[in-house]
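Working notes, structure below.
Just the heavy atoms: all of them, side chains too, but no hydrogens, waters or symmetry mates, feed the values below. Chain letters run A, B, ... following the sequence lines, proteins first, then strands; residues in each count from 1.
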Number of protein chains: 2
Amino acid sequence: MAITPKKNQYALRAIFELAKYLGQGPKKISEIAEAQAIPMRFLEVILGQLKGSGWVDSKRGFYGGYFLKCSPKEITVGDILRFLQGPSKQAECVACISKGDCPFDGQCAFAPMWNKVDAAMFKIYDETTIDDLIKMEKKNIDREKI
Amino acid sequence: MAITPKKNQYALRAIFELAKYLGQGPKKISEIAEAQAIPMRFLEVILGQLKGSGWVDSKRGFYGGYFLKCSPKEITVGDILRFLQGPSKQAECVACISKGDCPFDGQCAFAPMWNKVDAAMFKIYDETTIDDLIKMEKKNIDREKI
DNA sequence: ATATTTCTCGACTTTTTTAGTCGGGAAGTT
DNA sequence: AACTTCCCGACTAAAAAAGTCGAGAAATAT
């Protein structure tokens with residue numbers, strides 16, 4: 001039941017981790033990798049890609065690392081997933097069996113359902129900010145203390 | 001943006017096709033395959049699997065083929081997807097990066113979101129019957145005639 | 001300067017999943 | 001007996017996802 005591929009989850013977790021340490025200077029890939037249980041060399045690739053979004057930036061050298069360039073309140077899971085998806089995939093028909101030309105073109109009985117599902121998923125993604133997730137974690141930790 | 005794998009879509013379409021011809025005797029794999037643009041030999045496999053659900057049965061020989069054993073009003077897309085998923089996959093944590101042991105066990109900040117998404121998807125799947133899809137197709141065809 | 005640290009880049013490999021195929025047999029029909 | 005259709009299991013192919021690697025470039029420290 002993996003809703004979204006691991007790579008996407010790693011990306012979300014990486015940004016989540018950066019958000020937690022926002023304002024405290026750059027955070028090394030190795031630290032993020034350990035904190036979020038992500039293979040470091042793979043995370044390298046993912047963070048590189050995320051730089052392209054503008055939400056994340058990096059610095060090299062001794063005190064180098066990655067840091068967030070935006071407020072955790074202003075970035076949603078939906079934003080990130082859409083960025084990772086890329087524009088080409090988003091243009092595709094959500095309903096369609098074959099990529100490109102649909103054998104049922106336009107008259108597909110299933111299309112409305114797939115679209116509803118897609119919308120329902122992204123409604124949740126879009127209303128979940130990174131800040132919400134941080135709050136969620138705090139709540140979990142507090143509950144653990146009792 | 002494939003929400004569900006092709007195999008699942010083929011399975012849904014196969015049952016959908018059988019539902020359309022319910023009560024008119026068995027329908028051949030080859031016919032279903034052509035009507036729904038599914039590779040025939042692959043459909044063979046899928047229908048074989050679907051027999052295990054009890055919603056579908058078959059007959060061999062000259063006038064053989066597949067037929068539905070239940071009412072299209074009483075079977076939902078959710079039912080079918082869950083059957084195809086299998087019990088093992090359903091037991092897995094929807095949120096979890098690694099299958100089996102979660103590195104964040106129980107205290108994962110993302111879990112509530114993934115669960116919400118899963119629930120939202122299945123809400124739609126569960127409230128869509130095969131009969132609804134048939135009605136949807138009729139509506140599409142009627143609209144085309146104008 | 002030079003050594004060290006950390007990101008950077010592209011190509012590459014491996015693993016997993018999905019999709020699809022095939023041959024030959026079994027049950028029905030004519 | 002000939003023909004049609006499902007049936008079964010193993011098998012292959014293709015695609016996507018996950019992960020790795022080596023060498024280089026910037027920043028900092030000593």
Side-chain angles (χ1 to χ4, degrees), chain A residues 1-14 17-18 25-34 36-52 56-69 81 84-86 88-89 92 96-100 103, chain B residues 1-14 17-18 25-34 36-52 56-69 81 84-86 88-89 92 96-100 103:
Chain A
M1 278 243 152
I3 287 178
T4 204
K6 274 193 187 186
K7 189 185 172 192
N8 289 2
Q9 302 207 29
Y10 290 158
L12 291 173
R13 284 186 180 282
E17 188 68 17
L18 292 180
K27 183 129 191 162
K28 301 192 220 316
I29 294 184
S30 55
E31 292 173 334
I32 303 169
E34 194 182 13
Q36 294 295 328
I38 305 170
M40 178 183 148
R41 250 18 236 280
F42 193 24
L43 180 56
E44 230 171 85
V45 175
I46 294 165
L47 282 169
Q49 194 184 335
L50 280 175
K51 275 190 74 175
V56 153
D57 206 354
S58 63
K59 223 192 125 188
R60 301 197 220 191
F62 198 88
Y63 286 118
Y66 274 84
F67 50 92
L68 210 60
K69 274 191 1 185
L81 292 181
L84 292 169
Q85 215 82 351
S88 50
K89 284 254 175 186
E92 278 174 26
C96 219
I97 281 178
S98 44
K99 22 187 157 183
Chain B
M1 276 246 155
I3 285 177
T4 205
K6 273 194 185 184
K7 190 186 172 191
N8 289 2
Q9 302 206 29
Y10 290 159
L12 292 172
R13 285 186 179 281
E17 188 68 17
L18 292 180
K27 184 130 194 161
K28 300 190 221 315
I29 294 184
S30 56
E31 291 172 335
I32 303 167
E34 193 181 14
Q36 294 296 328
I38 305 170
M40 178 183 148
R41 256 10 241 281
F42 193 23
L43 180 57
E44 227 171 88
V45 175
I46 294 166
L47 282 170
Q49 195 184 335
L50 281 174
K51 276 189 73 175
V56 153
D57 206 354
S58 63
K59 221 192 127 189
R60 301 196 222 191
F62 199 87
Y63 286 119
Y66 275 85
F67 51 92
L68 210 58
K69 276 194 352 188
L81 292 181
L84 292 169
Q85 213 84 349
S88 50
K89 284 255 176 182
E92 280 175 23
C96 219
I97 280 178
S98 44
K99 23 186 154 184

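- The distance between atom CG of B:Leu43 and atom P of C:dT21, rounded to the nearest whole Å, is 12 Å.
- Note on B:Lys51: a side-chain N or O is less than 4.0 Å away from OP1 or OP2 of D:dC7.
- Distances from the side chain of B:Pro5 to the nucleotides C:dA19, D:dC7, D:dA27 place C:dA19 closest.
- Under the rule for a side-chain hydrogen bond (donor to acceptor under 3.5 Å, both in side chains), the partners of B:Lys7 that lie at least two apart in sequence or sit in another chain are B:Gln49.
- Computed from coordinates, the A:Phe67 CZ to D:dA27 C1' distance equals 13 Å when rounded to whole Å.
- The side-chain heavy atoms of B:Ile32 and B:Leu47, taken from C-beta on, include a pair separated by under 4.5 Å.
- Taking atom CD on A:Glu92 and atom C1' on D:dA16, their separation rounds to 13 Å, with Å as the unit.
- Distances shown here put every side-chain N or O of B:Ser30 at or beyond 4.0 Å from the OP1 or OP2 atom of D:dT5.
- The phosphate of D:dA17 has neither OP1 nor OP2 within less than 4.0 Å of any side-chain N or O from A:Lys6.
- Closest to the side chain of B:Phe62, out of D:dT4, C:dC7, D:dC6, is D:dT4.
- Nucleic acid contact for B:Ile29: sugar-phosphate only, since backbone atoms but no base atoms lie under 4.0 Å from a heavy atom of the residue.
- Comparing B:Met40 and A:Lys28 by the nucleotide of DNA chain C that holds the closest heavy atom to each, the one mapping nearer the 5' end is A:Lys28.
- If you measure from atom NZ of A:Lys7 to atom P of D:dG19, you get 12 Å, rounded to the nearest angstrom.
- For the pair B:Arg60 CZ and C:dG28 C1', the interatomic distance rounds to 9 Å; values are reported in whole Å.
- Side chain A:Glu44 to base C:dC7: no donor-acceptor pair is found below 3.5 Å.
- When the side-chain nitrogen and oxygen atoms of A:Tyr10 are compared with OP1 and OP2 of D:dG19, one or more of them lie within a distance under 4.0 Å.
- Spacing between atom CZ of A:Phe42 and atom P of D:dA16 amounts to 15 Å, rounded to whole angstrom units.
- Each of A:Tyr66 and A:Val45 was matched to the nucleotide of DNA chain C holding its nearest heavy atom; the match closer to the 5' end belongs to A:Tyr66.
- Protein atom CD of A:Gln85 is 13 Å distant from nucleotide atom P of D:dA16, rounded to whole Å.
- Between B:Arg41 atom CZ and D:dC11 atom P the separation is 16 Å, expressed in whole Å.
- Looking only at side-chain heavy atoms (C-beta outward), A:Ile3 and A:Gln9 stay at 4.5 Å or farther from each other.
- Taking only side-chain nitrogens and oxygens, A:Ser58 never comes nearer than 4.0 Å to OP1 or OP2 of C:dT6.
- Once rounded to the nearest 0.5 Å, the distance linking OH of B:Tyr66 with CD of B:Glu44 reads 7.5 Å.
- Under the 4.5 Å side-chain criterion, counting only non-hydrogen atoms from C-beta, B:Phe67 is in contact with B:Asp57.
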